[in-house]
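Below is one structure; the comments refer to it alone.
Please read these numbers as outputs of a predicted model, since none were measured by experiment.
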Amino acid sequence: MSRTRLTGSSRRRGPVLSNLIRNVAIIAHVDHGKTTLVDAMLWQSGIFKAGQEVAERVLDSNELERERGITILAKNTAISYHGVTINIVDTPGHSDFGGEVERALKLIDGVLLLVDASEGPLPQTRYVLRKALEAKLPPIVVINKIDRADARPQEVVNEIYDLFIDLDATEEQLDFPILYTNARRGTARVALADPAENLGPLFEAILKHIPPPSGDPADVLQLLVVNLDYSEYHGRLAIGRIFSGTLRRGDEVAIVKLDGTTQTTQITKLYGFKGLERTEINHAEAGDIVAIAGVEGITIGETVTSAETPRPLVHMPVDEPTISMLFTINTSPFSGRDGTFVTSRHLRERLEKELLTNVALRVEEQRNTDSFKVLGRGELQLAILIETMRREGYELAVGKPEIVTREAEGKIQEPMELLVLDCPQDFLGVLMEKVSKRKGVNTKMTGHGRPGGRVRLEFTIPSRGLIGLRSEVLQDTRGTAVMNTLFDGYADWQGEIAGRLTGSLVADRAGKTTAYALYNLQERGELFVGPGVEVYEGMVIGENARWDDIDVNVVKEKKQTNMRASVADEAIRLVPPRPLSLEQALQFIAEDEWLEITPEAIRVRKKILEANKRPRRRPE
């Protein structure tokens, strides 16, 4: 990636703008180069010093974001170009983190739509763009990765126009500027034939096409809180945008709560943003994105306003949750071995802390004080929460994901999804059959004309039909299919969907697994554990090839005798086990199973451990 700064002749010498702020968000699908582009913008604006050590994808500050290559949390940074402050908001591309998206769009006045020059617009692009167009935000289209061997920029531009029309964009929104970029090299151009030296054309387009923020600095103060942070020295920090008025450090202000009540407080610290760091400032005006301290108890969606004449902003609604999962304490025989936080009090406190910053999450208490029903926007959002808690030292057990239904006009309705499958033509039949069994309806089929004969299929499918589908699709297509989903509203209940067609291999006693026992069991199905692994009664150690569950002895050892055998022992050859990842395990578990989560292990177990007390599973 080019890290040349825009200096000398490459800087514009035009007049200073009267309003020196631009607030813009970057919209992109997973792995289309959004965070890499922000890296290049930060370097070329001169935020980083020469020789400064900076990690790649610097905005992916969360450990899970770096591992998965996705944006989970909405973050903002600020750069300066010709004396104009450009506040850049990095939005998550996945609809499971839609709560983050809706908050981020409150901060900005325009969007950059970043699209891969080969893959074109994908479902997560569609989700965030729809939200942006509904908010009447002007777009700038950026075609990235134009250096790819299979790049097809002109076709992708046509697909983007089709997408805008599908989303009912206005004539003004359809008249968007287009730029072509190579984020890794840090170059942008207005036309493909133009020479490309740096990101200057992109900065120019932002200043020209993104309007300056509206709002009168002399009017009544209105600041909407869209994010929270925590400082060891100053406590809770509220991050938001000033829509009108002026805020100074030390001001006495009123906080209008979500229930309409007001609370007065003093602003002890006021921060602006420069690059990735917060800098202390004395005052801020309409259009600025700031962080404030001295506001204990403030939450997302509340308004900071004038104490004398309070004028709250309209509270922003967030899409309803579509999936739920039961969280409970870990009650397995191995409980407490790995984790630091193992009690229901620890679990409750952690979920309450998550609710402070995650507006798309809900938690419901159950009759059993050890259990909590957690509702979210999708399986991925809840999986990220579980993985974060696991790494923080929590032990817990979670149940099978369930969809959240609603009642309308006397009928039960369930959430639907737009499913997009990109696969080789050879697997077309098997995927159509697989999805149709899960109540999926094919709505569109397009052949890209790309090398390799790949086809793009679009389906509408109930959300519950997606549980466990990803692993089956990858298995059936030998890892060649690409699957993306997007929430697509509610529809009448679609009928019963067949569940998992296989049973479980369940350990019938505690001990350490042996190669001898596993060798005799591997013909029964697929194993999740290898030899030398500690197990307990009721722990699932594999997937049975048949529909029923089988209790098996995996700790059995070969009897040793002093009699000479007439034939030599056969060498034991074990098929490598298939250890389950968190997402795979969530998709695998059945109604009568828990997923045991600890910092060191992920195990599937039966809810009733003792084999003689457990009811036999019936075919679904």
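Side-chain atoms of Ile292 and Val253, non-hydrogen and from C-beta on, never get closer than 4.5 Å to each other. Looking at Ile403 and Pro415, their side chains come closer than 4.5 Å, going by heavy atoms from C-beta outward. Taking the side chain as every heavy atom from C-beta outward, Tyr519 and Leu574 approach each other to under 4.5 Å. For the pair Ile608/Pro615, a side-chain contact is recorded, criterion being any heavy-atom separation below 4.5 Å from C-beta on. Within the 4.5 Å cutoff, the side chain of Met389 has heavy atoms near those of the Leu347 side chain. With contacts defined as side-chain heavy-atom distances shorter than 4.5 Å, the pair Glu596/Met539 does not qualify. Counting heavy atoms from C-beta outward, Val225 and Val304 have side chains that approach closer than 4.5 Å. In this structure, the side chains of Thr340 and His346 stay at 4.5 Å or more apart for every pair of heavy atoms.
In this structure a side-chain-to-backbone donor-acceptor pair under 3.5 Å is missing from Thr513 to Val554. Formation of a donor-acceptor pair under 3.5 Å by the Ser332 side chain with backbone atoms of Phe334 is found in this model. Thr261 contributes no side-chain N or O that, together with a main-chain N or O of Lys257, makes up a donor-acceptor pair within less than 3.5 Å. Listed for the Glu395 side chain is a donor-acceptor partner under 3.5 Å among the backbone atoms of Gly336. Between the side chain of Asp508 and the backbone N or O of Gly538 there is no donor-acceptor pair closer than 3.5 Å. With hydrogens and angles disregarded, no donor-acceptor distance shorter than 3.5 Å links the side chain of Thr303 to the backbone of Val256. Here the side chain of Gln494 pairs no donor or acceptor atom with the backbone of Lys439 at under 3.5 angstrom. The backbone N or O of Pro599 lies less than 3.5 Å from a partner atom in the side chain of Arg390, making a donor-acceptor pair.
Using a cutoff of 4.0 Å between basic side-chain nitrogens and carboxylate oxygens, Arg509 and Glu537 are not scored as salt-bridged. For Glu349 and Lys353, the salt-bridge test fails: no basic side-chain N is under 4.0 Å from an acidic carboxylate O. Taking 4.0 Å as the cut-off between side-chain N and carboxylate O, Glu472 and Arg438 count as a salt-bridged pair. Between Asp551 and Arg614 there is a salt bridge, since at least one side-chain N of the basic residue sits less than 4.0 Å from a carboxylate O of the acidic one.
How far CG of Asp370 is from CG of Leu396: 12.5 Å, rounded to the nearest 0.5 Å. Put simply, CH2 on Trp547 and OG1 on Thr502 are 12.5 Å apart, with the number rounded to the nearest 0.5 Å. Atom CG of Asn330 is separated from atom OG of Ser335 by 4.5 Å, given to the nearest 0.5 angstrom. Rounding to the nearest 0.5 angstrom, the gap separating the CG atom in Leu580 from the CZ atom in Arg603 is 13.0 Å. Atoms CD1 and OG1, from Ile412 and Thr405 in turn, are 6.0 Å apart once rounded to the nearest 0.5 Å. Atom CD1 in Ile602 sits 5.0 Å away from atom CD1 in Ile597 (nearest 0.5 Å).
Sorted by first and then second residue, the pairs that involve residues 403-413 and meet salt bridge (charged side-chain N to carboxylate O under 4.0 Å, His left out), not counting sequence neighbours, are Lys411-Asp492.
Surrounding CD of Gln266 are more than 12 heavy atoms belonging to other residues, nucleotides or ligands, all under 6.0 Å away. Annotation for Arg337: atom CZ counts as buried by contact number, over 12 foreign heavy atoms lying within 6.0 Å. The environment of Glu523 atom CD is sparse: at most 12 non-hydrogen atoms of other residues, nucleotides or ligands sit within 6.0 angstrom. Shown here is Lys556, whose NZ atom has no more than 12 heavy atoms of other residues, nucleotides or ligands within 6.0 Å.
Aromatic ring centres of Phe327 and Tyr394: separated by at least 6.0 Å.
For Thr328, the side-chain hydrogen bond (donor to acceptor under 3.5 Å, both in side chains) partners are Ser371, not counting sequence neighbours. Partners of Thr331 by side-chain hydrogen bond (donor to acceptor under 3.5 Å, both in side chains), not counting sequence neighbours, listed by chain and number: Arg605.
Residue Arg464 forms a salt bridge (charged side-chain N to carboxylate O under 4.0 Å, His left out) with just one option from Glu496, Glu402, Glu414, and that option is Glu414.
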Tyr271 and Lys269: CA distance, side-chain angles, deciding distance, side chain to side chain contact (heavy atoms under 4.5 Å, CB included) verdict: CA-CA 7 Å; Tyr271 297 96; Lys269 293 283 182 182; 3.7 Å; yes
